[in-house]
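Following: one structure in structure tokens, then a few remarks.
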Amino acid sequence: MTGEFNLRRRRFMGVAALTVAAAHFGVGRAALAKSTSEARIPATTPGTNTSFAAIKQIDAGVLNIGYAEAGASDAPVVILLHGWPYDIHTYVDVAPLLAKAGYRVVVPYLRGYGTTRFLSPDTPRNGQQAAIAADIVALMDALGIEKAVIAGCDWGARTANIIAALWPERCKALVSVSGYLIGNRETNKKPLPPKAELAWWYQFYFATERGRAGYEQYRKDFAKLIWQLASPKWNFDDATFDRSAAALDNPDHVDITVNNYRWRISLADGESKYDGLENRLAELPVIDVPTITLEGDANGAPHPEPAAYAKKCSGKYEHRLISGGIGHNLPQEAPQAFAQAVVDVDRL
């Protein structure tokens, strides 16, 4: 696995050399984005946009990945990663803001969501953290993206953290809701105080076959409950929820979700090809790319306190508390603040 990524990096060195040469002879999109990033993101009402222009598909690694895209194809790239149980509509208002600011915005469905599918029926439906991160690096390779600002929340924030930590040459800068979320399974074996364990009730539910069956049968009811608990002050309407809930109809969604949470507490094994990456992640590596972490003032989901992870970011770093009753799905609830963080981290 590591050798495969090394080969890809060498290939991208040639692409980078051509890019530098082109920039030497003329003003490109990168220069334009740098200048436009000085502007403030305009005020935006959440829910202004309800859809993306189109969903594209591309083979990348073990997947055929569905993704939305906005902005000019030759602009600097921002990759936006959603979480569970959400989907790409987390960024339906963020993407056009960043496109207007001079970026190419790529918003993929993670494995087990939307139109993303496995290329082979024999590939394990594995939700471990390294596998999801490797998917996004493979997507970057498939799209010819050498480097990008990577931003995310929930599973997407963890994935962005991992890419920034293990492939910093591919991550120009990082925006992460709830900060540093890289997991360590040995640490996860240790019991938490009862109140903290209660917040992870769904993880214990998924540890049982009854929980798997229940999620299969009631996945949309389950997802709506999580939305309500995680964002108690977000008054989303049925149409907003239904647009995202459709992505949970993916045939691999239940398997990926259950495996993700069982793997975290060592009730499911990962794939051996990711062992090298997981061993590095178990050391909780420091992130040294420019980073802005965000937290909503009404996040009802389990999340670490900013003081607990500030030292995990060794480069240029800012933390921002977004007020106004903002919950766990911060980019969809506060798109202007999230987009501004992306623009700002690009110039840290």
Side-chain angles (χ1 to χ4, degrees), residues 8 49-73 75 77-99 103-145 148-160 162-163 170 219-220 223 227 239-260 329 331-332 335 338:
R8 289 171 177 168
N49 299 282
T50 59
S51 64
F52 294 93
I55 301 300
K56 302 178 180 181
Q57 301 288 142
I58 191 168
D59 288 351
V62 300
L63 300 172
N64 177 265
I65 296 179
Y67 66 100
E69 190 169 12
S73 61
V77 182
V78 176
I79 298 175
L80 304 177
L81 303 174
H82 70 82
W84 172 87
Y86 306 95
D87 84 323
I88 62 173
H89 288 87
T90 287
Y91 302 104
V92 73
D93 287 317
V94 173
L97 293 174
L98 292 176
Y103 292 94
R104 175 189 179 190
V105 186
V106 177
V107 193
Y109 283 112
L110 301 186
R111 56 169 59 192
Y113 294 82
T115 61
T116 292
R117 297 289 189 275
F118 285 88
L119 295 173
S120 169
D122 299 325
T123 303
R125 274 36 179 179
N126 174 7
Q128 75 181 102
Q129 59 181 356
I132 298 172
D135 292 342
I136 303 306
V137 175
L139 174 65
M140 294 175 71
D141 290 348
L143 293 174
I145 297 169
V149 176
I150 304 177
C153 61
D154 196 81
W155 288 21
R158 179 176 295 106
T159 302
I162 292 169
I163 296 171
R170 308 301 295 274
R219 73 182 78 175
K220 291 184 179 178
W227 280 39
T240 297
F241 173 77
D242 290 342
R243 280 190 289 271
S244 288
L248 311 184
D249 289 333
N250 183 292
D252 301 307
H253 178 74
V254 173
D255 286 341
I256 295 295
T257 298
V258 170
N259 181 267
N260 176 284
N329 193 20
Q332 195 164 359
F338 189 88

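Sequential numbering from 1 along the given sequence is applied to the chain's residues.
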pair [X]-[Y]: side-chain heavy atoms closer than 4.5 Å:
| X | Y | value |
| --- | --- | --- |
| Arg104 | Val78 | no |
| Phe52 | Val92 | yes |
| Val77 | Val106 | yes |

Under the side-chain contact (heavy atoms from CB on, under 4.5 Å) test, which residues partner [X], sequence neighbours left out?
| X | result |
| --- | --- |
| Ala239 | Asp237, Arg243 |
| Leu119 | Asp59, Asn64 |
| Asp154 | Trp84, His328 |
| Asn259 | Asn126, Trp263, Ala268 |

Identify the heavy atoms of [X] and [Y] that sit nearest to each other, and give their distance.
| X | Y | value |
| --- | --- | --- |
| Gly127 | Asn260 | O-ND2, 2.9 Å |
| Cys153 | Pro331 | SG-CD, 3.8 Å |
| Arg170 | Met140 | O-CE, 3.4 Å |
| Ala95 | Ala70 | O-CB, 4.3 Å |
| Gly114 | Asn250 | O-ND2, 3.1 Å |
| Pro108 | Leu139 | CB-CD2, 3.7 Å |

Distance from [X] atom [atom1] to [Y] atom [atom2], nearest 0.5 Å?
| X | Y | atom1 | atom2 | result |
| --- | --- | --- | --- | --- |
| Leu110 | Ile136 | CG | CD1 | 5.5 Å |
| Lys56 | Leu143 | NZ | CG | 8.5 Å |
| Ile150 | Ile145 | CD1 | CD1 | 9.0 Å |

Any pair counted as salt bridge (charged side-chain N to carboxylate O under 4.0 Å, His left out), so long as it reaches residues 117-129, sequence neighbours left out: Arg125-Asp252
Does [X] have any side-chain hydrogen bond (donor to acceptor under 3.5 Å, both in side chains) partners at least two apart in sequence or in another chain, and if so, which?
| X | result |
| --- | --- |
| Thr123 | none |
| Thr116 | none |
| Asp93 | Asn49 |

Is there a donor-acceptor contact under 3.5 Å from the side chain of [X] to the main chain of [Y]?
| X | Y | answer |
| --- | --- | --- |
| Gln57 | Thr115 | yes |
| Thr90 | Asp87 | yes |
| His82 | Gly156 | no |
| Tyr91 | Leu81 | yes |

side-chain contact (heavy atoms from CB on, under 4.5 Å) partner of Val107, chosen from Ile79, Ile55, Val94, Leu80: Leu80
Residues that Arg111 engages under salt bridge (Lys or Arg N to Asp or Glu O under 4.0 Å), provided they are two or more places apart: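 Partners of Arg111 under the salt bridge (Lys or Arg N to Asp or Glu O under 4.0 Å) test: Asp135.
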Lys/Arg-Asp/Glu bridge criterion (N-O < 4.0 Å) met for Asp249, Lys220: yes
Aromatic contact, Tyr86 with Tyr113 (centres under 6.0 Å):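 Not under 6.0 Å, so no.
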With Phe241 via ring-ring contact (aromatic ring centres under 6.0 Å, His included) - residues at least two apart: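 Result, ring-ring contact (aromatic ring centres under 6.0 Å, His included) vs Phe241: Trp227.
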Side chain to side chain contact (heavy atoms under 4.5 Å, CB included) evaluation trace for Ile162 with Gln129: CA-CA 8 Å; Ile162 292 169; Gln129 59 181 356; 3.6 Å; yes
